[in-house]
Participant: 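Pasting a structure here, questions to come.
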Amino acid sequence: MQLTDRVKNCNGCEACVVGCKYSCVKMKEENGRKFPVVNEDGCSKCNACILYCPLYNPVELPEFEEFFDSKEDVRKRKMAPIYRATMRSLKERQHTEFVGTLCQIAALKSLRGDKLAHNLAIFPIYCGEEQRKSNEACMACPFYK
């Protein structure tokens with residue numbers, strides 16, 4: 001079973017990579033699009049990868065009044081290490097800043113049990129219309145209303 005069979009319009013946020021306690025989910029890039037691939041041999045079928053997916057189990061995002069520009073394409077970053085470092089910093093009660101698109105913010109919120117910490121400052125990056133049109137999953141993104 002591949003995750004993309006169960007999660008239509010996967011946006012490649014990488015929450016499933018962090019959610020898998022057996023490290024069976026890896027990201028693959030093809031035609032400029034990232035998507036998860038499961039190593040079936042190591043998978044215990046616990047479904048943690050699906051349960052942390054913000055598209056499969058939607059989370060509600062706060063209203064953001066201000067969006068920020070980014071010099072890099074934040075959709076191309078390897079997010080799993082960033083989520084782990086952010087969660088570790090929050091657990092240590094440090095002031096933590098997170099920069100990401102709405103789907104990346106939703107993934108972080110999902111990984112934290114649908115909660116955002118008080119010591120977390122979020123800087124949302126808005127995916128423009130042209131940027132979203134370049135990716136089928138981004139066009140279907142439920143986090144942009």
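None of the values given here were measured: they were computed from a predicted structure.
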Participant: Can you tell if the side chain of Ile125 reaches within under 4.5 Å of the side chain of Asp69, non-hydrogen atoms only?
Facilitator: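 They are not in contact (no side-chain heavy atoms under 4.5 Å apart), so the answer is no.
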Participant: Do Cys13 and Pro54 come within less than 4.5 Å of each other through their side chains, counting heavy atoms only?
Facilitator: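 Yes, their side chains come closer than 4.5 Å.
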Participant: Just how far is it from atom SG of Cys20 to atom NZ of Lys26, taken to the nearest 0.5 Å?
Facilitator: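 Here the interatomic distance stands at 8.0 Å.
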Participant: Closest approach of Pro36 and Cys10, non-hydrogen atoms and distance?
Facilitator: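 Here Pro36 and Cys10 meet closest at CD-SG, 3.4 Å.
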Participant: Using every non-hydrogen atom in the two residues, find where Ser44 and Tyr22 come nearest and quote the distance to one decimal.
Facilitator: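 Heavy atoms only, the tightest pair is OG-CE1, 3.0 Å.
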Participant: Do Phe64 and Ile105 come within less than 4.5 Å of each other through their side chains, counting heavy atoms only?
Facilitator: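 Sidechains of Ile105 and Phe64: in contact.
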Participant: According to a hydrophobic-cluster definition based on side-chain heavy atoms being under 4.5 Å apart (Ile, Leu, Val, Met, Phe, Trp, Tyr only), do Leu108 and Phe67 belong together?
Facilitator: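 Same cluster.
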Participant: Ignoring hydrogens, what is the shortest heavy-atom contact between Leu111 and Gly19? Give both atom names and the distance.
Facilitator: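 In this case the closest contact between Leu111 and Gly19 is CD2-N, 4.1 Å.
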Participant: Under the salt bridge (charged side-chain N to carboxylate O under 4.0 Å, His left out) test, which residues partner Glu30, sequence neighbours left out?
Facilitator: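 Checked Glu30 against salt bridge (charged side-chain N to carboxylate O under 4.0 Å, His left out); matches are Lys28.
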Participant: Looking at Tyr83, I want to see if its OH is surrounded by more than 12 non-hydrogen atoms of other residues, nucleotides or ligands under 6.0 Å.
Facilitator: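 Yes, enclosed.
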Participant: Can you name the side chain to side chain donor-acceptor pair (under 3.5 Å) partners of Arg84, sequence neighbours left out?
Facilitator: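 Side chain to side chain donor-acceptor pair (under 3.5 Å) check on Arg84 returns nothing, list empty.
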Participant: Please report the closest heavy-atom contact between Leu102 and Pro124, naming both atoms and the distance.
Facilitator: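 Scanning both residues, the minimum pair turns out to be CD2-CB, 4.4 Å.
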Participant: Measuring from atom CG of Leu51 to atom SG of Cys46, what distance do you get when rounded to the nearest 0.5 angstrom?
Facilitator: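 Reported to 0.5 Å precision, the distance equals 7.5 Å.
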Participant: Between Tyr56 and Asn47, is a side chain to side chain contact (heavy atoms under 4.5 Å, CB included) present by the stated rule, with each step listed?
Facilitator: CA-CA 11 Å; Tyr56 190 81; Asn47 288 322; over 6 Å; no
Participant: Might you point out which heavy atoms bring Ala15 and Ala107 nearest each other, and give the distance in Å?
Facilitator: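 Where Ala15 meets Ala107 most closely, the heavy atoms are CB-CB, 3.8 Å.
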Participant: Within this structure, what is the CZ-CD distance for the pair Arg77 and Gln104, rounded to the nearest 0.5 Å?
Facilitator: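 One finds 5.0 Å between CZ of Arg77 and CD of Gln104.
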Participant: Once rounded to the nearest 0.5 Å, what's the spacing between atom CD of Glu60 and atom CG of Asp114?
Facilitator: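 Answer rounded to 0.5 Å: 8.5 Å.
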Participant: Taking the side chain from Asn9 and the backbone from Ala140, do they hold a donor-acceptor pair closer than 3.5 Å?
Facilitator: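 Not a single qualifying donor-acceptor pair exists.
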Participant: Is there a side-chain contact between Phe98 and Leu120 (heavy atoms, below 4.5 Å)?
Facilitator: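 In contact.
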Participant: Write down the atom of Cys103, the atom of Asn11, and the distance for their closest heavy-atom approach.
Facilitator: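 Heavy-atom minimum between the residues: CB-ND2, 3.2 Å.
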Participant: Between Phe143 and Leu61, does a side chain to side chain contact (heavy atoms under 4.5 Å, CB included) hold up when you go through it step by step?
Facilitator: CA-CA 8 Å; Phe143 304 108; Leu61 293 179; 3.9 Å; yes
Participant: Verify salt bridge (charged side-chain N to carboxylate O under 4.0 Å, His left out) between Lys45 and Glu40, making sure each step is shown before the conclusion.
Facilitator: CA-CA 9 Å; Lys45 312 279 189 269; Glu40 301 288 345; 3.2 Å; yes
Participant: Would you check if Val37 and Val25 make a side-chain contact, meaning some heavy-atom pair closer than 4.5 Å?
Facilitator: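 The answer is no; the side chains never approach within 4.5 Å.
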Participant: Pro62 versus Leu116: any side-chain heavy-atom pair under 4.5 Å?
Facilitator: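 Of all side-chain heavy-atom pairs linking Leu116 with Pro62, at least one is under 4.5 Å.
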Participant: Examine distances only and state if a side-chain atom of Lys34 and a backbone atom of Glu14 form a donor-acceptor pair shorter than 3.5 Å.
Facilitator: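 Judged by distance alone, no pair lies under 3.5 Å.
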Participant: Less than 3.5 Å apart, which donor and acceptor atoms pair up between the side chains of residues 85-93 and the rest of the protein, not counting sequence neighbours?
Facilitator:
unit_1	atom_1	unit_2	atom_2	d
Thr86	OG1	Ile82	O	2.8
Ser89	OG	Gln94	OE1	3.3
Ser89	OG	Thr96	OG1	2.7
Glu92	OE1	Gln94	NE2	2.9

